[in-house]
Amino acid sequence: QVQLVESGGGWVQPGGSLRLSCGVSGTIGNIAAMGWYRPLPGKQRELVARASSSGNTDYGDTVRGRFTISRNYGKKTVHLEMNSLKPEDTGVYYCNVVELVTGELSYTKDYWGEGTLVTVSS
């Protein structure tokens with residue numbers, strides 16, 4: 001059974017930095033993408049940052065230039081360096097891993113972590 005283990009959340013003052021980490025435990029096939037999402041009030045989770053197996057990275061508009069995602073393919077881990085944090089960055093951050101299952105039919109499977117809380121306040 002695949003589980004995602006997250007760490008690194010906590011409290012920080014505005015302008016500070018945090019580093020989130022997420023690792024995959026259990027047996028997983030080809031990982032198509034790893035990333036981080038956070039929920040918006042009344043909405044689905046929004047993309048914070050994502051790294052695909054092709055090497056591409058995507059960032060949400062509100063974090064681009066401040067957050068950096070990195071991925072270790074061998075260790076199946078993904079990290080999120082969060083700099084210049086703002087109070088509006090406060091929230092629960094969820095790790096997401098997308099597995100590509102290939103065969104007669106190919107499809108993707110999404111796995112989610114339980115979330116790690118980031119609090120930015122003075």
Side-chain angles (χ1 to χ4, degrees):
Q1 184 177 358
V2 174
Q3 288 186 322
L4 305 186
V5 181
E6 300 154 324
S7 62
W11 172 83
V12 66
Q13 291 185 334
S17 299
L18 282 175
R19 185 175 190 251
L20 305 184
S21 296
C22 174
V24 179
S25 68
T27 302
I28 192 169
N30 295 323
I31 297 177
M34 302 181 77
W36 295 89
Y37 290 75
R38 63 187 180 191
L40 290 176
K43 299 182 180 179
Q44 292 183 338
R45 295 169 181 171
E46 70 163 351
L47 171 69
V48 177
R50 176 178 59 220
S52 69
S53 59
S54 64
N56 292 331
T57 56
D58 298 301
Y59 294 93
D61 291 338
T62 60
V63 307
R64 189 175 293 111
R66 299 187 296 123
F67 292 8
T68 302
I69 190 169
S70 60
R71 179 180 160 183
N72 185 312
Y73 292 84
K75 294 183 178 180
K76 297 179 182 178
T77 58
V78 63
H79 307 283
L80 184 68
E81 297 284 349
M82 310 166 69
N83 298 315
S84 302
L85 282 160
K86 304 176 182 179
E88 50 263 42
D89 294 320
T90 295
V92 180
Y93 287 68
Y94 293 89
C95 178
N96 168 255
V97 172
V98 180
E99 179 187 15
L100 176 62
V101 182
T102 58
E104 187 170 329
L105 292 175
S106 296
Y107 59 95
T108 58
K109 293 177 66 175
D110 274 81
Y111 300 95
W112 293 94
E114 294 186 349
T116 185
L117 177 63
V118 171
T119 303
V120 185
S121 71
S122 54

Thr90 (side chain) donor-acceptor with Val120 (main chain) under 3.5 angstrom: yes
Minimal heavy-atom distance between Pro87 and Pro14, with the atoms involved, is CG-CG, 4.1 Å
Return the orientation label for the Tyr94 and Trp112 ring planes: parallel under 30°, perpendicular over 60°, tilted otherwise. perpendicular
Identify, with sequence neighbours excluded, every residue that meets salt bridge (charged side-chain N to carboxylate O under 4.0 Å, His left out) alongside Asp61. Arg64
Please identify each residue that fulfils side chain to side chain contact (heavy atoms under 4.5 Å, CB included) with Leu47, with sequence neighbours left out. Tyr37, Arg50, Asp58
In terms of heavy-atom contacts, Leu80 and Ala49 come closest through CD1-CB, 3.8 Å
About how many Å separate CG of Leu100 and OG of Ser106, when rounded to the nearest 0.5 Å? 6.0 Å
State whether the side chain of Glu6 and the backbone N or O of Cys95 hold a donor-acceptor pair below 3.5 Å, judged by distance alone. yes
Using the rule that Ile, Leu, Val, Met, Phe, Trp and Tyr join whenever any side-chain heavy atoms are under 4.5 Å apart, tell me whether Val98 and Val48 fall into a single cluster. no
Which atom pair, heavy atoms only, marks the closest approach of Thr27 to Val2? O-CG2, 3.1 Å
Taking every heavy atom of Arg71 against every heavy atom of Met34, the minimum-distance pair comes out as NE-SD, 3.6 Å
Compare every heavy atom of Ser17 with every heavy atom of Asn83, then report the nearest pair and how far apart it is. OD1-OG, 2.8 Å
Would you kindly say whether Ser121 and Thr119 are connected by a side-chain donor-acceptor distance under 3.5 Å? no
Identify all side-chain donor-acceptor contacts of residues 18-26 below 3.5 Å with residues at least two apart in sequence or on another chain.
from: Arg19; atom 1: NE; to: Glu81; atom 2: OE2; distance (Å): 2.6
from: Ser21; atom 1: OG; to: His79; atom 2: ND1; distance (Å): 2.8
from: Ser25; atom 1: OG; to: Gln3; atom 2: O; distance (Å): 3.3

Side chains of Tyr111 and Lys109 only: does a donor on one sit below 3.5 Å from an acceptor on the other? yes
CD (Glu88) with more than 12 external heavy atoms under 6.0 Å: yes
Evaluate whether atom CD of Glu46 has more than 12 neighbouring non-hydrogen atoms of other residues, nucleotides or ligands under 6.0 angstrom away. yes
According to a hydrophobic-cluster definition based on side-chain heavy atoms being under 4.5 Å apart (Ile, Leu, Val, Met, Phe, Trp, Tyr only), do Val92 and Val97 belong together? no
Backbone N or O of Ile69 within a donor-acceptor pair of the Tyr59 side chain at under 3.5 Å? yes
Test side-chain contact (heavy atoms from CB on, under 4.5 Å) on Asp89 and Arg66 and set out the steps. CA-CA 11 Å; Asp89 294 320; Arg66 299 187 296 123; 2.8 Å; yes
In this structure, NZ of Lys76 is separated from CG of Leu4 (nearest 0.5 Å) by 11.5 Å
